[in-house]
Amino acid sequence: MMHRFIELSFIQAAKEIGIDIPNINFERPKIADHGHLSTNIAMTLAKLLKRKPQDIAQDIIAHLKVDSTIIDNVEIAGAGFINIYLNPHAFHLAMMQMITMGSHYGRSNIGSGKTANVEYVSANPTGKLHLGHGRNAAIGDTVSNLLEWTGYTVTREYYFNNAGNQMNMLATSIFARYQHLTGNTEYLFPEDGYHGDYIIEIAEKAFTQFGNTLSDENAETLSTLRKMGEEWCFASIMNTLKKMHIHQDTFFNEDSLYTDGSIDSLLDELKKKNLSYEKEGATWMKFSEIDDSLTDRVIVKSTGEPTYRLPDIAYHRTKFERNYDLIVDIFGADHIATIPDVKAGIRALGYDISKLKVLIYQFVTLWDNGEQVKMSKRSGKSYTLDELIDEVGADVVRFFFLMRGAQTQLEFDLLIAREQNDKNPVYYLQYVHARICSLLKQIEEQQLQIQDTFDASLLIHSSELNLISILTRFEEVTIRAAHNLEPQMISEYLREVASAFHSFYHDCRILGMESSLMNARIHLAILTKTVMSNGLTILGISSPTSM
RNA sequence: GCACCCGUAGCUCAACUGGAUAGAGCAUUUGACUACGGAUCAAAAGGUUUGGGGUUCGAAUCCCUACGGGUGCACCA
């Protein structure tokens, strides 16, 4: 925030020595000796200008008009870094700026006027959600939040398929369990059927409703059971998502691509563009022609049924046709192979694939007591997301899924997740909020007055200045996290805020201090509460007033 | 076999997307308030960023290579 002003004076200085640059990137040095802000602009210009970085830096500084009320000192260090040392007054100004934004602090408008579509979860209604879906949901919801915080209008979308083989398999699995319930224990369970206990639950429901009447495995019976299974699974999925505080705006049914003619028209178009051909009774798509690292694939089987690639491309096409400025897919690592094909297909149809960002997350492994909990879908013994939420709570589940980068495999340690103490990183963050709320409550009880105006210049303790400095970063962290689609940047940042606050709170007494100092510190605490609460909101985690 | 992801402290992970002396938490060791919630704070110790080359002012980050882990490679979705 405050360095926008400083940036302008640097650009002006550069202009005076004949260099035109649109913007300058400032970094926050990790080491205090390197100042509060630092730029490597002289080094990046060195090659272009064929001059030594130090000389360029020298020139820029010579033309820089320093505002001495904000900047204490500017110096050259190392290979040509320009380091800026800010005056405490700069922090006080920044604090006032943050406070004027109120509860909106952290929001920005870089995406305002733009629209985004974020697709996540997208599980088919054939079973309960498992941990992978949980990671998907947490990431998707948080990415959506981040985009909203940077000004985007976001559509949260769920894509599902309630047709095809998998649903038939669901129906036959239920039928088999149903047969067992009617006493036909000999009935063979389908080889690739769904083994989870929930199938038995659905079968029991069918048994209660229909008794023994569904003895024949005919089309009508299977259709009834399929519908029943779908409804049950969808209800289960929605219920679990609700527990995780996740909602979605649109549910896009794959089937609609067939009924509205999207699939047919796509096939026609591919044919017209000479991107498909017939071979061995099937229709193939010339992926290899679009991108020579790809190979041709079947898009319509010889039986006449499309493979998943065709609807995938048709579906993504609708997203481009719906004219979003940004399209985000949250996919598990098992979908990694399909992405290049979809992208190639979309590009061949003439769309701008730079709008499409695919966020791949790696798998989740669950650990308990130092042992890995195996999660096998086949055996049906998987630890469901629902059970996990019931066991450790939605806040902990979400935070654990969000505290690591998506591209690394996530180890979910139940032992730590179950702990309701200092070992659990979620509580460290939430405790900040609860502590401040507790403070405010005491102020109210003691009938102390909080003045609206206060003298920020009283905040000169190093832990006060450090806390303010970290709080000033919130907006840019949010922007960067949104831009890179990396929710864990928020978790990391909030940990820093929490750490800085606890240090401040330890070092700087509030209640009982001289009233103008107390008042200033209360305002700093309130500002911290705002940032903490906003950050937790982005992550979809509650901000408790007491714990 | 081919493609993609990953390899950082004993463990789980960061590192501002190529920046300066690679940082946190847990575990270990040692300290700290007769007041705001000790679910806290301060400090010590812990590293050849898997090995080896290369690119440049500068590499955990980019390229090549070897090794190790994961995922995917159907006329399944």
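Naming convention: chains lettered A, B, ... in sequence-line order (proteins, then strands); numbering from 1 in each chain.
In RNA chain B, the stems built from three or more successive Watson-Crick or G-U pairs (distances below 3.5 Å) are B:1-7 with B:67-73, B:10-13 with B:23-26, B:28-32 with B:40-44, B:50-54 with B:62-66.
Closest to the side chain of Ala77(A), from the set C41(B), C13(B), A20(B), is A20(B). Side-chain proximity of Ala79(A) to C16(B), C57(B), C13(B): nearest is C57(B). Ranking A20(B), U40(B), C16(B) by closeness to the Tyr428(A) side chain, first place goes to U40(B). Here C36(B) is the nucleotide among C36(B), U40(B), C6(B) with the atom lying nearest to any side-chain atom of Gln442(A).
Aromatic ring centroids of Phe412(A) and Phe401(A) lie under 6.0 Å apart. Between Tyr194(A) and Phe189(A), the distance separating the two ring centers is not shorter than 6.0 angstrom. Taking the six-membered ring for Trp and the full ring otherwise, Tyr120(A) and Phe331(A) have centroids separated by 6.0 Å or more. Checked against the 6.0 Å centroid threshold, Phe10(A) and Phe26(A) count as a close aromatic pair. Taking the six-membered ring for Trp, Phe504(A) and His461(A) have ring centres at least 6.0 Å apart. Here the two rings, on Tyr158(A) and Phe252(A), have centers that are 6.0 Å apart or farther.
Here G19(B) presents its P atom at 17 Å from CG of Leu37(A), a figure rounded to the nearest Å. Here U12(B) presents its C1' atom at 13 Å from CG of Leu415(A), a figure rounded to the nearest Å.
Using a 5.5 Å limit on the distance between ring centres and a 30° limit on the angle between planes, the aromatic ring of Phe81(A) counts as stacked on the six-membered base ring of A20(B).
The closest side-chain donor-acceptor pair between Asp296(A) and Tyr277(A) falls under 3.5 angstrom. Looking at Glu278(A) and Thr283(A), their side chains do bring a donor and an acceptor atom within 3.5 Å of each other. Side-chain atoms of Glu75(A) and Tyr85(A) include a donor-acceptor pair closer than 3.5 Å.
C41(B) and A22(B) have their C1' atoms separated by 25 Å, with the value rounded to a whole Å. Nucleotides C5(B) and A32(B) are separated by 45 Å at their C1' atoms, to the nearest Å. Taking atom C1' on both C26(B) and A9(B), the two are 12 Å apart, rounded to the nearest angstrom.
Among the protein residues, Cys508(A) comes within range of the nucleic acid bases, having at least one heavy atom under 4.0 Å from a base atom. Using a 4.0 Å heavy-atom criterion, one finds that Asp296(A) contacts no nucleic acid atom at all.
A salt bridge does not link Glu280(A) to Lys301(A): none of the charged side-chain nitrogens sits closer than 4.0 Å to a carboxylate oxygen.
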* Structure fact -> 5' to 3', nucleotides 68-77 of chain B under a 4.0 Å protein heavy-atom cut-off (B base, S sugar-phosphate only, - none) gives -BSSS-SBSB

* **B/S/- contact track for nucleotides 21-35 of chain B, protein heavy atom under 4.0 Å** => S--SSSS-------B

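We find the CG-CG distance between Leu222(A) and Asn168(A) to be 7.5 Å, quoted to the nearest 0.5 Å.
No more than 12 heavy atoms of other residues, nucleotides or ligands shown are found within 6.0 angstrom of CD on Glu371(A).
In this structure, Ser503(A) reaches the A42(B) phosphate: one of its side-chain N or O atoms is under 4.0 Å from OP1 or OP2.
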